[in-house]
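Notes follow once the structure below has been shown.
Chain identifiers are assigned alphabetically (A, B, ...) following the order of the sequence lines, protein sequences preceding nucleic acid strands; residue numbering begins at 1 within each chain. The structure presented is a predicted model; accordingly, all values stated were derived computationally and were not measured.
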Amino acid sequence: MSDKPVVTRIAPSPTGAMHIGTARTALFNWLYARHTGGKYLLRVEDTDRERSTEAAVQVIFDGLSWLGIEADETPVFQASRADRHAAAVAEMLARGSAYRDFMTPDELEAERTAARAEGRVVRSPWREAAPNDAPDRPFVVRLKAPLDGETVIDDQVKGRVVFQNKDLDDLILLRTDGTPTYNLAVVVDDHEMGVTHVIRGDDHLNNAARQTLIYQGLGWTPPVWAHLPLIHGPDGTKLSKRHGAQAVGEFADMGYLPEAMRNYLAKLGWGHGDDEIFNDEQAIAWFDIKDVVGAPARLDWDKLNHLNNHYIRLAEPGRLADLVAAILKSRDWPPHDGDLEKLASVIPFVRDGAKTTLELADAVIFALKRRPLAMSDKGKELLNEETRARLGRLRDVYATQGVWDVPSLEAVNRGFAESEGVGLGKIGPALRQVLSGGSPAPDLAGALVSLGKDESLGRLDDALSLGG
RNA sequence: GGUCCCUUCGUCUAUCGGUUAGGACGCCAGGUUUUCAACCUGGAGAGAGCGGUUCAACUCCGCUAGGGACUGCCA
């Protein structure tokens, strides 16, 4: 709220996969920090020891670095800060803004039922108990929240949200085993990490009010809040596995480029006028939390594909070659010497129609095939006597062709068809089969160029000698 | 049940009370064409409903309906 430098953070919990919504939240935090010249931090919320695993932590690191949004400082692990959390609770106890609650699980359950029936919030009888009434049994520490008045969240996305304090319960700060709960840990960590802007999913909007009370109980100033709507599946329900993908890693495996994801995710819930395609510099220059849309957005595969295609067409062929090679390897495609170079030279001819690098991998196979190519049934059908003779003459034309590029070969093909007195339609399909062996391939000239003169002539010779 | 959030073309969105409600993806039609794409041109397509405030409402307010979140000693 002041002119302090902005500090944002992403605080995922390592529970197995990193949801794409978490990735977008990270993106927005990153964009806002960059936009304001502030810092963007990462904190791993691993206080749930049962679910947190090292592998799950790695998933978060991998997902974030794949997306290209690196934190400005080394990650903080929440579990390692337990002593700080405990100290904060001790402070609250001392200040009288927290109390020990000795309710048994059964009593709590009964109170919960009663409270719900009466349409009110759970209240503990220990809230006003004298300190020396303390029985000798396990207890939790609860926030002693105000019973009346209101708590206002001046949210940057949702606007002014007012909560009646009577509707806010005394949340648990420390569990029976002395470990801190999420709401306490978040407040303590955010405060001590110097976080100025908490930008997170709007499933936390209610928590913001209660966390504000904790800030007050500690005598601290709450951060600026910004609650982002969630990302839904194409059908408007919560995004889940059955929508095709949910985790960041899955998008990577499906052949999406990180810059395409960044552009697409940025456009989900935020926008800058009519701009659809923009790079990181533009996004950083334009981004402001205040422009984030308050309503949930649905994941639109068509649009993601469109953007991914755009970025595939922009990418360095060498980089795409590496990506495609990795995909082919995972399909047990045996690599040969020079394949990587071949890929880089072929990719420019086949990338226009590729929505993902998976499709790019499909599109490139025709060029990697080794002679002699197996002829498809369709190819055999097309190669009748007449066509065979014609391709023979075309082969001789190619043999004398010096400049082997797209414009020249297009001219050659047209000229040849003319000299034969037929349309290209009489030649193209058969030639395509001969060159590609029935695999998807670019247009004729593109196929010839990406194959190279020697390979093209070789494949022609193979086909023409077949059944002589 | 209680508290809170959300609601413009199929989808993502623009619109700071006055616009023929704009763009993008997708869709449809046509063009180009040797396949599939890509590409070019054109087209259809929206303010959830009902009240109110105002000279004027998609925009402000209220109600209803429909989605969603929270209501855990999970985060």
Checklist entry - Do the side-chain N or O atoms of A:R298 get closer than 4.0 angstrom to the phosphate oxygens (OP1, OP2) of B:C6? => result no
Next on the checklist: If the threshold is 4.0 Å, N to carboxylate O, is there a salt bridge linking A:R43 and A:D190?
Outcome noted: yes
Checklist outcome for this item: note: A:I277, atom CD1; B:C12, atom P; distance rounded to Å ~ 19 Å
Checklist entry - Atom CG of A:D235 and atom C1' of B:C12: how far apart are they, to the nearest Å? => result 16 Å
Checklist entry - Do any side-chain nitrogens or oxygens of A:R120 fall under 4.0 Å of OP1 or OP2 in B:G2? => result no
Checklist entry - So which nucleotide does B:A44 pair with, by the Watson-Crick or G-U wobble rule with both distances under 3.5 Å? => result none
Next on the checklist: Taking any heavy-atom pair under 4.0 Å as a contact, classify A:P442: base, sugar-phosphate, or nothing.
Outcome noted: base
Show the distances under 3.5 angstrom between N or O atoms of the protein and N or O atoms of nucleotides 65-69 of chain B.
residue, atom, partner, partner atom, Å
B:A69, O2', A:D203, O, 3.2
B:A69, N3, A:N206, ND2, 3.4

Next on the checklist: Measuring only the C1' atom in each nucleotide, how far is B:G26 from B:A44? A whole number of Å is fine.
Outcome noted: 13 Å
Next on the checklist: Between B:A56 and B:A21, how far apart are the two C1' atoms, rounded to whole Å?
Outcome noted: 16 Å
Item to check | Whole-angstrom distance between B:G22 and B:A65, as gauged at atom C1' | outcome: 29 Å
Checklist entry - What class does the angle between the rings of A:W270 and A:F278 fall in, given that below 30° is parallel, 30 to 60° is tilted and above 60° is perpendicular? => result perpendicular
Next on the checklist: If you go through the side-chain atoms of A:R116, does one of them form a donor-acceptor pair with the base of B:G1 closer than 3.5 Å?
Outcome noted: yes
Checklist entry - On a whole-Å scale, what distance lies between the C1' atoms belonging to B:U32 and B:C39? => result 8 Å
Checklist entry - Using a cut-off of 4.0 Å on non-hydrogen atoms, how would the nucleic acid contact of A:G271 be classed: base, sugar-phosphate, or nothing? => result nothing
Checklist entry - With sequence neighbours left out, what residues match A:E410 under side-chain hydrogen bond (donor to acceptor under 3.5 Å, both in side chains)? => result none
Which atom pairs link the protein and nucleotides 19-30 of chain B when you take only N or O atoms and keep those under 3.5 Å?
residue, atom, partner, partner atom, Å
B:G22, N2, A:D274, OD1, 3.1
B:G23, N2, A:E276, OE2, 2.8
B:A24, O4', A:E276, OE2, 3.3
B:A24, N3, A:K303, NZ, 2.9
B:C25, O2', A:D302, O, 3.4
B:C25, O2', A:K303, N, 3.1

Checklist entry - Who is the Watson-Crick or G-U wobble partner of B:U20, with both distances under 3.5 Å? => result none
Item to check | Among B:A14, B:U71, B:A75, the nucleotide that comes nearest once only the side chain of A:N207 is considered | outcome: B:A75
Checklist entry - How far does CG of A:L257 sit from OG1 of A:T356, to the nearest 0.5 angstrom? => result 10.0 Å
Checklist entry - In the strands shown, is B:A56 matched to any nucleotide by a Watson-Crick or G-U wobble pair with both distances under 3.5 Å, and which? => result none
Checklist entry - What parts of residues 410-420 of chain A reach RNA chain B, counting only heavy atoms under 4.0 Å away? => result none
Next on the checklist: Any base atoms under 4.0 Å from A:V140, or only sugar-phosphate, or nothing? Heavy atoms, all strands.
Outcome noted: base
Item to check | Phosphate-side-chain proximity, A:R112 and B:G2, N/O vs OP1/OP2 below 4.0 Å | outcome: no
Item to check | Donor on one side chain, acceptor on other, A:Q78 and A:D189, under 3.5 Å | outcome: yes
Next on the checklist: Taking only the C1' atom of each, what is the distance from B:A24 to B:A46 in whole angstrom?
Outcome noted: 15 Å
Checklist outcome for this item: Re B:C4: Watson-Crick or G-U wobble partner, both distances kept under 3.5 Å, found to be B:G68
Checklist entry - Hey, does the Lys NZ or Arg CZ of A:R24 hover above the aromatic six-ring of A:F28, less than 6.0 Å from the centre and inside 45° of the axis? => result yes
Next on the checklist: At 4.0 Å (heavy atoms only), tell me whether A:V350 reaches a base, stays on the sugar-phosphate, or touches nothing.
Outcome noted: nothing
Heteroatom pairs (N/O) under 3.5 angstrom, protein to nucleotides 42-48 of chain B:
none

Next on the checklist: Regarding A:R210, tell me which of base, sugar-phosphate or nothing describes its non-hydrogen contacts under 4.0 Å with the strands shown.
Outcome noted: sugar-phosphate
Next on the checklist: By the 4.0 Å heavy-atom rule, please label A:G201 as base, sugar-phosphate, or nothing.
Outcome noted: nothing
Next on the checklist: Please determine whether ring pair (Phe, Tyr, Trp, His ring centres under 6.0 Å) holds for the pair A:Y182 and A:H204, giving the CA-CA distance in whole Å, both sets of side-chain angles, and the decisive distance to 0.1 Å.
Outcome noted: CA-CA 12 Å; A:Y182 164 77; A:H204 287 294; 5.6 Å; yes
Checklist entry - In terms of side-chain geometry, is the basic nitrogen of A:D352 or A:R313 positioned less than 4.0 Å from the acidic oxygen of its partner? => result yes
Checklist outcome for this item: Pairing partner of B:G26, by Watson-Crick or G-U wobble and under 3.5 Å for both distances, is none
Checklist entry - Does A:R142 or A:A117 map to a spot on RNA chain B nearer the 5' end, using the closest nucleotide for each? => result A:A117
Next on the checklist: Taking any heavy-atom pair under 4.0 Å as a contact, classify A:D443: base, sugar-phosphate, or nothing.
Outcome noted: base
Checklist entry - Which is true for A:V121 with a 4.0 Å heavy-atom rule: it touches a base, it touches only sugar-phosphate, or it touches nothing? => result nothing
Checklist outcome for this item: Mate of B:C39 across any strand shown (Watson-Crick or G-U wobble, both atom pairs under 3.5 Å) is B:G31
Next on the checklist: Just to be sure I understand the rule, does A:A441 reach a base, reach only the sugar-phosphate, or reach nothing, if contact means heavy atoms closer than 4.0 Å?
Outcome noted: base
Item to check | A:D154/A:R160 salt bridge by N-O under 4.0 Å criterion | outcome: no
Checklist outcome for this item: Sorted by chain and residue number, the side-chain hydrogen bond (donor to acceptor under 3.5 Å, both in side chains) partners of A:N413 (sequence neighbours excluded) come out as A:Y398
Next on the checklist: Using a 4.0 Å heavy-atom cut-off, does A:L268 contact any base of the nucleic acid, only the sugar-phosphate backbone, or nothing at all?
Outcome noted: sugar-phosphate
Checklist entry - B:A75 phosphate, OP1 or OP2: any side-chain N/O from A:T47 under 4.0 angstrom? => result yes
Checklist entry - Is there a Watson-Crick or G-U wobble partner for B:G62 with both distances under 3.5 Å, and if so, which one is it? => result B:C50
Checklist entry - According to the interplanar angle, ranging from 0 to 90°, do the rings of A:Y256 and A:W301 count as parallel (below 30°), tilted (30 to 60°) or perpendicular (above 60°)? => result tilted
Item to check | Nucleotide B:C4, atom C1' - distance to CG of A:N165 in whole Å | outcome: 14 Å
Checklist entry - With sugar-phosphate meaning primed atoms plus P, OP1 and OP2, does A:Y264 contact a base, only sugar-phosphate, or nothing at under 4.0 Å between heavy atoms? => result nothing
